[in-house]
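Everything quoted here is computed from the prediction, not taken from an experiment.
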Amino acid sequence: DALERNHLADNTLIIATADNGAAGRVYAPLRASKTSIYEGGHRVPYAACWPGKVKPGSVNTHTVCLNDLMATAAEIVGAKLPAEAGEDSVSLVPELLGTTATGVREATLHQSVSGDLAIRQGRWKLIFLRGGKKELYDLEADLGETTDVLAANAEVAAKLTALMQRTIAEGRSTVGAAQKNEFNLTISARGEGARQKNVKAPQ
């Protein structure tokens, strides 16, 4: 209403999203809840309105992340982010305009409050639990993460493990100059003293 009263509604991008739910509350069919490495701890609503640019009623099935708001805003206003800023942020402008068939993110990283890590690429999500165990889920077939399919998809797990290791080594998940990690970060048998680099909640 305020945008319309001030004649700004036709030239404004509105994004409505949210925090990742209430602690301890499970949002079926998602597994677990806030603070978890499973989808109940990360998946959030994400809706956009941009007159003349976002097609009304369209649905985007690609994974995006709240981190991406920074690079998105920078592209819209024509700002160039320095190498050390937004190292995990990807512009969503192609997603909003519907001009990308495969999505703008190579992968999305997750982190739980206890330090479990995961990497999501397309339908696949590989989880690295603190004790060193891995779990692999096909989210297209199993959104509730009920069946670990790691044993039957060793090649997928190996590819995602290599991508996670590369991301850690480069200190970023986007193209650009390598950045130094703030903490000693590893994806194998992490002890209580190993701290993790924060990543945000994906959509």
Check for a donor-acceptor pair, side chain of Ser33 on one end and backbone N or O of Gly41 on the other, with a separation under 3.5 Å. no

Side chain to side chain, Thr161 and Ile119, heavy atoms closer than 4.5 Å: no

Do the side chains of Asp19 and Lys34 get close enough for a salt bridge, i.e. N-O under 4.0 angstrom? yes

Quick check: does any side chain N or O of Arg130 sit under 3.5 Å from a backbone N or O of Ser114, one acting as donor and the other as acceptor? yes

Flag yes if more than 12 heavy atoms outside Asn11 fall under 6.0 Å of its CG atom; otherwise flag no. no

Output, in order, the C-alpha distance, side-chain angles, deciding distance and verdict of side-chain contact (heavy atoms from CB on, under 4.5 Å) for Leu139 and Arg120. CA-CA 9 Å; Leu139 295 183; Arg120 166 82 186 273; 3.4 Å; yes

Determine whether Gln179 and Glu170 satisfy the following criterion, side-chain contact (heavy atoms from CB on, under 4.5 Å), listing intermediate values before the conclusion. CA-CA 6 Å; Gln179 299 295 304; Glu170 295 180 354; over 6 Å; no

Would you find a donor on one side and an acceptor on the other, under 3.5 Å apart, between the side chain of Tyr137 and the backbone of Tyr38? no

Verify, without hydrogens or angle tests, whether Asn181 (side chain) and Ile168 (backbone) share a donor-acceptor contact under 3.5 angstrom. yes

In Å, rounded to the nearest 0.5 Å, how long is the span from CG of Asn153 to CG of Asp138? 7.5 Å

Closest non-hydrogen atoms of Ser89 and Leu69, given as atom of the first, atom of the second and distance, are OG-N, 4.3 Å

Got a second to check how far Asp142's CG is from Leu136's CG, nearest 0.5 Å? 10.5 Å

With a 4.5 Å limit on heavy-atom distance, are the side chains of Leu126 and Met164 in contact? no

Give a yes or no answer on whether the side chain of Thr12 reaches the backbone of Ala9 with a donor-acceptor pair at less than 3.5 Å. no

Tell me whether Glu182 contacts the main-chain N or O of Lys180 through its side chain, where contact means a donor paired with an acceptor under 3.5 Å. no

I'd like to know if Tyr46 and Ile76 are part of one continuous hydrophobic network [Ile/Leu/Val/Met/Phe/Trp/Tyr, side-chain heavy atoms within less than 4.5 Å]. yes

Side-chain contact, heavy-atom cut-off 4.5 Å: Thr167 with Arg172? no

Identify the two heavy atoms, one from Ser36 and one from Ser112, that lie closest to each other, and give their separation to 0.1 Å. C-CB, 3.8 Å

With the 4.5 Å side-chain cut-off for hydrophobic clustering, are Leu13 and Met70 part of the same group? no

Nearest 0.5 Å please: distance from the CG atom of Asp148 over to the NZ atom of Lys133. 6.0 Å

Please tabulate, for the side chains in residues 96-106, all donor-acceptor contacts under 3.5 angstrom to protein atoms that are two or more places apart in sequence or on a different chain.
| from | atom 1 | to | atom 2 | distance (Å) |
| --- | --- | --- | --- | --- |
| Thr99 | OG1 | Pro94 | O | 3.3 |
| Thr100 | OG1 | Gly103 | N | 3.0 |
| Arg105 | NE | Asp68 | OD1 | 3.2 |
| Arg105 | NE | Asp68 | OD2 | 2.9 |
| Arg105 | NH1 | Ala107 | O | 2.8 |
| Arg105 | NH2 | Asp68 | OD1 | 3.0 |
| Arg105 | NH2 | Asp88 | O | 2.9 |
| Glu106 | OE1 | Arg166 | NH2 | 2.7 |

Just to verify, which of Leu129, Val149, Asp116 counts as forming a side chain to side chain contact (heavy atoms under 4.5 Å, CB included) with Glu135? Leu129

Spacing of CG belonging to Leu66 relative to CD1 belonging to Ile15, to within rounding of 0.5 Å: 9.5 Å

Carboxylate-amine/guanidinium proximity below 4.0 Å for Glu145 and Lys125: yes

Working to the nearest 0.5 angstrom, can you tell me the gap between Arg31 CZ and Thr146 OG1? 8.5 Å

When rounded to the nearest 0.5 angstrom, what is the spacing between CG in Asn20 and CD in Glu39? 11.0 Å

His110 and Ile37, any side-chain heavy atoms less than 4.5 Å apart: yes

Test of understanding: clusters of I, L, V, M, F, W, Y form through side-chain heavy atoms closer than 4.5 Å, transitively. Do Leu81 and Val175 belong to the same one? no

State, yes or no, whether a side-chain contact exists between Val93 and Glu75 at a heavy-atom distance under 4.5 Å. yes

Ile127 vs Leu117, side-chain contact (heavy atoms from CB on, under 4.5 Å): CA-CA, chis, key distance, verdict: CA-CA 6 Å; Ile127 293 175; Leu117 298 173; over 6 Å; no

N/O donor-acceptor pair under 3.5 Å between Arg43 side chain and Pro45 backbone: no

Taking Ala2's backbone N and O only, do any of them form a donor-acceptor pair with Asn6's side chain (distance below 3.5 Å, no angle check)? yes

